[in-house]
Each structure stands twice: as C-alpha cells, then as structure tokens.
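Report on one structure; see the data block that follows.
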Amino acid sequence: MNIVLTGSLGNISKPLAQELIAKGHSVTVISSNSQKEKDIHALGATAAIGKLEDRSFLTKTFTGAEAVYCMIPMNLSETNFQNYMHNTANNYVQAIKQAGIKRVVILSGWSADLIKGENIEHLFIEQLDASITIMRPGAFYTNFYFSMDLIKGKGFIGKYLTLRYSGLMALFKGRTGLLMGNYGGEDKIVFVSPKDIATAVAEELIELPVEQLKIRYVGSEELTCNEAAKIIGTAIGKPWLRWVRISDKQMLQGLKMAKMPQELAETMVEMQSVMHSGKPLQNFHRNNPKMGKVKLADFAKEFAAVYNQK
Ligand SMILES: NC(=O)c1ccc[n+]([C@@H]2O[C@H](COP(=O)([O-])OP(=O)(O)OC[C@H]3O[C@@H](n4cnc5c(N)ncnc54)[C@H](OP(=O)(O)O)[C@@H]3O)[C@@H](O)[C@H]2O)c1
C-alpha cells in the first residue's frame, strides 16, 4: 500500500514508518524540517517536506496514497489552541477530500470527547466519505521527558513548553525531585508507549478489516501517578520520587506566572483536570482494549539513559 504519515520522525511516526516499511509498504513521511530528509530516506521512506498549515502541499502529498495517518502536533506558540486544532483538522479534511483518500487513521486522545469546546474528531467524521479509525491513546510515557528538569530541580519543564515553570516552583518554594500537575497523586491513569500506539495504528492501516468508523482506545499500563513516579524514580536512583497533585487554581496561577498566554493556560488546565476527574479512565474501561506490550519499567530504562546523560 502507498501510505502517507504525518508526525515526521516523532514518537509514534518513526516506529510506525519502520513497521510499515518492514511489512513491505511504501511510506511517505511528512516533516516541516528539510534537515530530516536524510533520516527519513535512511528508514526507507520518501520524505515530503512542508507544513501541515499548507493545504495545497498536503493535498499534493496525499494524492495517490491509499491511506493516511493524521496527527496534530502540539504547538504551544499558538495562543488560541482551539483555533489551531480546528484549522489543522480542517486542512486535513479538505486535503483528504481533494485527494480522494478512502482510508484515514486519526490520532486523538482518550479525553477528546470530555473537553469543553469543539471535538475535532467530528470534523473528520461529519465531512469525510472515507473509512476512519480514531485512535484515543492515554498519557504518553514520553511526557516524562518534559518533567526531567523539574525532577532534577532546575525548576522548569523543557522541550514543549520551553517556558520556565518558575511560577509553579515558586508555589512549592523551590522543592525539587517532584513531578507535579493538576492531576497526579493517587489518580489512576492509563499510560501508553508511543511504540504500542504505532503498532495499533499499523494494524488499523494494513491488517484489520476496514470499518466505516471505529474508535480505538490504546494503553500500555494502568497505574496511579505515584506508582508511575516510583517506577521512573527507581530507574534514576530516586525511588522516593512523588507526583504531587496541585489544584486547578494553583496550576493556572503557576502557568500565568510563567507567562503562558491565558487561553492556552486555561486549555492546559482543563485538559489535565479532566484526567483527574477519572472520566477518561471510565471510558477506557468501558471499551476494554487489550493493553500494549511496552510497560513503564521498559520505558524507564530509556528515560534513565537520557537522564544520566544530561
Ligand atoms: N502526550 C500525550 O500524552 C498525548 C495524549 C494523547 C494524544 N496526544 C497527541 O499526540 C501528539 C504527539 O504525537 P507524537 O508524540 O508522535 O509526535 P511528536 O514526537 O511530538 O512529533 C511531531 C512532529 O510533527 C512535526 N511537526 C510539527 N509541526 C509541524 C507542522 N506545522 N507541519 C508539519 N510537521 C510538523 C515535527 O517534526 P519536524 O520538525 O520534522 O517537522 C514534530 O517533531 C500530540 O500532538 C497530541 O495531539 C498526545
């Protein structure tokens, strides 16, 4: 099959491309960065360099494909996150329609239908004449990387946010060796390895019988946040590591002090607050998916290797 993947060589798309190529499929990977071209070719895929915001580029890249995998990257430089999600999803919908794609797998999240505002899944479902699988994974193991500096006591969460979390740290008077957020503590969360998501997406794209519409929850291990913190902590020699839950108000205050735009901060607080409500977990249990193979202790070894290098 000719398959187009978005998400570059990211957490899901890289193992996904590898799996599809190993099974003999022809894969095109979209990246916004021309420097990734070489690495994409090295996997055995074709690189398509351009931005998801560019609808004509998307349409051109999708044309001739039999299936596409669509994800919406986090973009924390967008002050209006809802608009950004809507516009990116809409670009996908228009490009899929114009290219006449009949098989689409969309990356969503396990709380997509629980968050106020527009659920972008509907944009695809209502407008496309294609068979659609919506993937609803839990919380990625790779999120722990964003807390690495916080665990080290540097007082900020890196990569995505690149905003100093000095506000949150100030609330905790410089206490270090913590994970924190407005979900945490004894909240039960379904954590997931992006590798398990990649396997599930590959199954949807090439193996399983095609359905008109399917919603698939994906998880690797259900744990309380403190159990997860202990697994990560043990791998880095800090078995006492805890994951402190702060209130929505404190979280918002911390993000504001860190100068995150108001609307974005509110969206982030809401997204995490839903995790604390336990409702995504109820949905997950109701759907009862088979858990993936990669456990948090496996990921913790990778995390520790990166942690010890930094
Ligand atoms: N974190 C969670 O717990 C969680 C839970 C549920 C769902 N999700 C979803 O999962 C997504 C992340 O998936 P992932 O971890 O596999 O991705 P990822 O590792 O964050 O990689 C995404 C890649 O997309 C590319 N990209 C960014 N902006 C682009 C643009 N404007 N045009 C084209 N390409 C662009 C970037 O690579 P280049 O620099 O090469 O372009 C980026 O590395 C989130 O955005 C969210 O929608 C996350």
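Ligands are counted one by one from 1 in listed order, and the atoms in each one are counted from 1 as well.
- With hydrogens and angles left out, the side-chain atoms of His285 and Glu222 include a donor and acceptor closer than 3.5 Å.
- Annotation for ligand 1: atoms under 4.0 Å from non-hydrogen atoms of Ser108 are 6 (C), 7 (C).
- Those atoms of ligand 1 that come under 4.0 Å of a heavy atom in Pro73, given as number and element, are 24 (O), 26 (N), 27 (C), 28 (N), 29 (C), 35 (C), 45 (O).
- Contacts between Pro194 and ligand 1, counted as non-hydrogen atom pairs separated by less than 4.0 Å, are absent for every part of the residue.
- Residue Lys51 approaches ligand 1 through these ligand atoms, each under 4.0 Å from one of its heavy atoms: 32 (N).
- Aromatic pair Tyr145/Phe299: centroids less than 6.0 angstrom apart.
- Between atom 5 (C) of ligand 1 and the options Ala139, Gly138, Ser34, the minimum heavy-atom separation is to Gly138.
- Using a 4.0 Å cut-off between heavy atoms, Asn143 contacts ligand 1 through its side chain alone, with no backbone atom that close.
- Side-chain atoms of Arg242 and Asn226 form no donor-acceptor pair, as typed in the model, at a separation below 3.5 Å.
- The atoms of ligand 1 that sit less than 4.0 Å from any heavy atom of Lys36 are 37 (O), 38 (P), 39 (O), 40 (O).
- Taking distance alone, with nitrogen or oxygen atoms compared against 3.5 Å, Leu107 stays at or beyond that limit from ligand 1.
- Every N/O-N/O distance between Gly109 and ligand 1 stays at or above 3.5 Å.
- Those atoms of ligand 1 with a heavy atom of Glu53 less than 4.0 angstrom away are 30 (C), 31 (N).
- A salt bridge is defined here as a Lys NZ or Arg NE, NH1 or NH2 lying under 4.0 Å from an Asp or Glu carboxylate O, and Glu302 with Lys195 meets this definition.
- For Gly7, the closest heavy-atom approach to ligand 1 falls below 4.0 Å.
- Between the side chains of Arg103 and Thr133, at least one donor-acceptor pair of N or O atoms lies under 3.5 Å.
- Applying the 4.0 Å criterion to heavy atoms of Met74 picks out, from ligand 1, the atoms 45 (O).
- Near Ser31, with a cut-off below 4.0 Å to any heavy atom, the atoms of ligand 1 are 38 (P), 40 (O), 41 (O).
- Using cut-offs of 30° and 60° for the angle between ring planes, the Phe191 and Trp243 rings count as tilted.
- With 3.5 Å as the limit, one finds a donor-acceptor pair spanning the side chains of Asp248 and Asn182.
- When only modelled atom types and interatomic distance are considered, Glu121 and Ser108 share a side-chain donor-acceptor pair under 3.5 Å.
- Each of the atoms 11 (C), 12 (C), 13 (O), 17 (O), 22 (C) of ligand 1 lies under 4.0 Å from some heavy atom of Met71.
- Nearest residue to atom 16 (O) of ligand 1 from Asp39, Asn91, Ile12, Ile40 is Ile12 (criterion: closest heavy atom).
- The residue Thr6 has no part lying near ligand 1, judged by heavy-atom distances below 4.0 Å.
- Relative orientation of the Phe303 and Phe144 rings is perpendicular, given thresholds of 30° and 60° on the angle between their planes.
- Considering every non-hydrogen atom in both Met291 and Lys295, the closest pair reads CB-NZ, 4.1 Å.
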